[in-house]
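Throughout, a chain's letter reflects where its sequence line sits, starting with A, and its residues are numbered from 1.
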There are 2 protein chains.
Amino acid sequence: MKTIGFDSHNHDACISDALGMATDICAQQKLQFTPVRRRVLEILLHEHRAMGAYDILEVLSSEGLGSQPPVVYRALDFLVKHGLAHRIEGLNAYTACAHLDHEHVPAFLICRTCKAVAETDTGIAQGRLGQAAASAGFTIEKVVVEAEGLCPNCTGAAA
Amino acid sequence: MKTIGFDSHNHDACISDALGMATDICAQQKLQFTPVRRRVLEILLHEHRAMGAYDILEVLSSEGLGSQPPVVYRALDFLVKHGLAHRIEGLNAYTACAHLDHEHVPAFLICRTCKAVAETDTGIAQGRLGQAAASAGFTIEKVVVEAEGLCPNCTGAAA
DNA sequence: AACCGTGATGTTATAACATATCAATACGTG
DNA sequence: CACGTATTGATATGTTATAACATCACGGTT
Ligand SMILES: [Zn+2]
Ligand SMILES: [Zn+2]
Ligand SMILES: [Zn+2]
Ligand SMILES: [Zn+2]
């Protein structure tokens with residue numbers, strides 16, 4: 001398990017790697033990785049941060065790839081459904097998956113200042129929450145774990 | 001730590017206890033527990049489930065306590081800020097706090113069918129997420145933990 | 001009493017996020 | 001090509017949340 005997001009890295013390689021993996025995943029599962037879907041993933045990858053659907057739409061629109069909300073929501077639905085992106089509930093926003101290479105239950109560290117998002121992994125369902133659910137007779141289908149706070153870059157410069 | 005929410009209980013007592021505790025808490029902290037704020041908490045307590053702001057507003061409105069969104073949002077802000085209620089990020093909804101008697105980091109079990117919400121507690125910040133944050137240099141200020149699934153009452157009757 | 005600061009409300013308008021619906025088009029497969 | 005399915009285009013609407021500004025109610029000060 002590696003937490004990805006705040007460290008500096010070769011971002012061009014990071015993007016093209018992820019895009020390549022996404023292409024493979026779609027090919028394997030016979031999913032259509034259409035231009036809009038690919039471009040939305042690219043946009044999300046380009047920023048390592050959470051973006052609102054309308055932020056993304058603005059970019060798409062400026063490129064002639066669609067200008068109505070359904071365009072971006074359909075692409076996001078596709079990406080989220082197939083694990084290529086995740087929805088950040090706490091922000092009503094979206095971010096590219098940083099762990100395409102393996103199954104995972106994502107957990108996020110979200111900077112409240114710069115909105116950078118780091119994705120990590122957690123075995124939460126096996127921990128206290130899992131116990132609580134079991135003892136309450138509750139069947140967990142999906143878990144949201146999101147931590148808000150300050151990223152390393154913003155900790156010093158906090159207001 | 002007790003998970004509260006799906007078990008049947010003396011709900012009238014449950015409501016009046018919580019309302020009493022809330023009154024005490026506001027008194028201690030010299031907060032104004034005004035009619036609208038009290039009524040919103042009552043409404044949330046009455047249902048042990050997540051309610052949207054506009055659902056609450058509808059009730060308020062029918063009682064002459066206010067008819068515009070800011071009325072309910074201000075009351076909810078107050079309640080959430082002071083720990084009397086919690087926001088359920090996964091639903092863009094709100095629920096009364098079920099653990100007024102002690103400090104806690106809430107975690108929720110949310111039934112996707114009936115929207116019942118059980119509130120439990122988790123030491124998440126001390127677990128793997130805390131480790132990941134520490135090693136990434138991230139300062140956690142707030143954690144959202146929400147599990148969606150089926151409550152005991154809906155598990156059998158699932159569609 | 002007149003004045004002022006603070007917190008709470010009232011009110012209008014709008015921003016931000018998301019979906020319903022239906023027509024049109026592309027795509028793979030036999 | 002003909003068929004069913006997936007995707008896209010387009011319009012409208014629904015849902016959640018906040019900005020902005022006016023007003024009220026209360027307590028302390030002069
Ligand atoms: Zn990167
Ligand atoms: Zn930051
Ligand atoms: Zn109760
Ligand atoms: Zn249920």
Contacts of [X] that satisfy side chain to side chain donor-acceptor pair (under 3.5 Å) - sequence neighbours left out:
X: A:E141; result: B:R112
X: A:N92; result: A:R87
X: B:T23; result: B:R38
X: A:Q68; result: none

Side chain to side chain donor-acceptor pair (under 3.5 Å) contacts touching residues 24-34 of chain B (sequence neighbours left out):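 Checked against side chain to side chain donor-acceptor pair (under 3.5 Å) - neighbours excluded - no pair reaches residues 24-34 of chain B.
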Distance (rounded to the nearest 0.5 Å) between B:L109 CG and B:E148 CD: 11.0 Å
side-chain contact (heavy atoms from CB on, under 4.5 Å) against A:A107, all qualifying residues, sequence neighbours excluded: A:T120, A:T122, A:V145, B:L129
Results of side-chain contact (heavy atoms from CB on, under 4.5 Å) for B:V71 - residues two or more places apart only: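 Residues passing side-chain contact (heavy atoms from CB on, under 4.5 Å) with B:V71: B:V36, B:L60.
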Those residues of residues 50-69 of chain B lying under 4.0 Å from DNA chain C by at least one heavy atom: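 B:Q68, in order of number.
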DNA chain C contacts made by residues 73-88 of chain B, counting heavy atoms under 4.0 Å: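 Only B:R74 qualify.
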Residue closer to the 5' end of DNA chain C, B:Q32 versus A:A93 (nearest nucleotide): B:Q32
Atom-to-atom span, CG of A:L31 to C1' of D:dA6 - whole angstrom: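 Going from CG in A:L31 over to C1' in D:dA6 covers 11 Å.
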Sugar-phosphate only, base, or nothing, as touched by B:F33 at under 4.0 Å among non-hydrogen atoms: nothing
Pairs involving residues 52-79 of chain B, ordered by first then second residue, that meet ring-ring contact (aromatic ring centres under 6.0 Å, His included) (sequence neighbours left out): B:F78-B:H82
Results of ring pair (Phe, Tyr, Trp, His ring centres under 6.0 Å) for B:F138 - residues two or more places apart only: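 With neighbours one apart ignored, the set is A:F6.
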First and last nucleotide of DNA chain C, 5' to 3', lying under 4.0 Å from heavy atoms of chain B: C:dG7 to C:dT12
